[in-house]
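Ligands are counted one by one from 1 in listed order, and the atoms in each one are counted from 1 as well. Positions are given from 1 along the sequence.
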Amino acid sequence: MVDCSDSPTRKPLLRALKGEVLNPPPFWLMRQAGRYLPEYREVRGKVHGFLDLCYSAELAARLTLQPVERFGMDAAIVFSDILVVPDALGQTVEFREGEGPRLAPIRSFDALRRLSLDGFCDRLAPVYEAVRLARRALSAETALIGFAGAPWTVAAYMIEGGGSADFAAAKGWVRERPGEFRGLIDLLIEATAMHIIAQADAGAEAIQLFESWAGLLAEPRFTEWSVGPMREIVRRFKRVHPEVPVIVFPRGAGALYAKVPDGTGVEAISMDPAVSVDWAARELQSRCVVQGNLDPSVLVAGGPAMRREVERILAALGSGPFIFNLGHGVLPNTPLEHVAELARLIRRWRA
Ligand code: 1CP
């Protein structure tokens, strides 16, 4: 057992984020609130638009707590979306049933100029209220995570107008009109820093930045448009909340993962399923806390395949600073019993 008598916090997630090696490690799951939970589907069915759910503080707080109440994760993540930021900047954002997000694409300098920070935090006030409500309801052992999309990923959705396999329009902007793209990224740096500062003001105890489309950028664009903006956001955030740890998730960054800890100044890095855990143990874990990286489809499969994978990840990373998570979000067809079994496997594990 780990002696926590001299620990300033009892929350395992926050202790791990300070670099403490916990045995077993803390865990939570990206997209742990969502369609795979019947109690989520029940609440979701009562509200027309997905954004209405994000902007209803009480419902968002309730959804934040649901997975923790069922499975006892070490952290809750506030129920919201990375696309509330473009919405609060004045872009039209809609979520159509079964289709994912639709945004009025930003394709011209004029459209870019119409975005504004006026009233930004007012529009997002219900998110901060949800943070306050969820924090009040959580136990003394469970941490609350706030989050935002990193600028490149959010810009990619803003330009493309929704999800995409290759985000060709966004990549075209970067190549052909880098000056204009810089304007959009600078606006997102400012907005994102304000958004995560306000979440920490409201009680978020750690922040995760989702760079879900890091894998679309090769060097030198990765450093310029992903690492650089994240570093600037972290710098602004730490001026106000030096004690609140930041996790980044540069999904698909491959070998460029190695550039993220020093490049951004974050406490922890979250790994997608393609990152080798043995490589991470050697190259990343000496420099920061690592989080990840069970393949979400393995959680869908369950059984011996899942047990083997969980054991392999824990054996490679469990004796250093580590937070168990998935390598991407929980899939909607994930059986509840598999999540419960995963929680048991992690809790029973000893190095
Ligand atoms: O209809 C529904 O019920 C909506 C499904 C859904 C949910 C539950 C969306 C639409 N967003 C969310 C919540 C959400 N999104 C959370 C909540 C907290 C939790 O983790 O439990 C978080 C952290 C996100 C973050 C998010 N949204 C990301 C980054 C993580 C990732 O998955 O890579 C991204 C890329 C989005 C955009 C988004 N929102 C929703 C969808 C379907 C998408 C992906 C669109 C696409 O690329 O096709």
Report task. Step through it carefully: locate the ring centre of Phe147, locate the ring centre of His195, and say whether they are under 6.0 Å apart. Result -> no

Query raised in the report: Is the Phe95-Phe50 ring centre distance short of 6.0 angstrom?
Result: yes

Does any N or O of ligand 1 fall below 3.5 Å from an N or O anywhere on [X], backbone included?
X	answer
Tyr40	yes
Arg35	yes
Phe50	no
Arg31	yes

Report task. Decide, yes or no, whether a salt bridge links Lys11 with Glu205 under the criterion of side-chain N to carboxylate O below 4.0 Å. Result -> yes

**Report entry** Presence of salt bridge, Arg308 and Glu311, under 4.0 angstrom
**Finding:** no

So is [X] touching ligand 1 or not, going by heavy atoms under 4.0 Å?
X	result
Phe249	no
Pro101	yes
Gln208	no

Query raised in the report: Going by the order shown, which atoms of ligand 1 are within less than 4.0 Å of some heavy atom of Arg44?
Result: 1 (O), 2 (C), 3 (O)

Could you tell me the residue and atom name of the protein heavy atom closest to [atom], and the distance to it rounded to 0.1 Å?
atom	answer
atom 39 (N) of ligand 1	Asp81 OD1, 2.7 Å
atom 48 (O) of ligand 1	Gly163 CA, 3.7 Å
atom 35 (C) of ligand 1	Tyr157 OH, 3.2 Å
atom 10 (C) of ligand 1	Phe95 CE2, 3.5 Å
atom 29 (C) of ligand 1	Ser212 OG, 3.2 Å
atom 25 (C) of ligand 1	Ile82 CG2, 3.8 Å
atom 31 (C) of ligand 1	His328 NE2, 3.2 Å

Closer than 3.5 angstrom, by distance alone: can the side chain of [X] be matched with the main-chain N or O of [Y] as a donor-acceptor pair?
X	Y	value
Arg251	Asp272	no
Thr264	Val260	yes
Gln291	Ala268	no

Query raised in the report: Counting heavy atoms only, which of Ala60, Ser80, Ala33 is nearest atom 17 (C) of ligand 1?
Result: Ser80

Report summary line: Heavy-atom proximity to atom 23 (C) of ligand 1 ranks first, among Phe147, Phe79, Trp28, for Phe147

**Report entry** Other residues, nucleotides, ligands: >12 heavy atoms within 6.0 Å of Glu58 CD
**Finding:** no

Query raised in the report: Crowded around Lys238 NZ? As in, over 12 foreign heavy atoms under 6.0 Å?
Result: yes

Query - Aromatic ring pairing Phe181/Trp152, orientation class (parallel under 30°, perpendicular over 60°, tilted between) - result: perpendicular

Query raised in the report: In terms of the angle between their ring planes, are Phe167 and Trp213 parallel, tilted or perpendicular, with boundaries placed at 30° and 60°?
Result: tilted

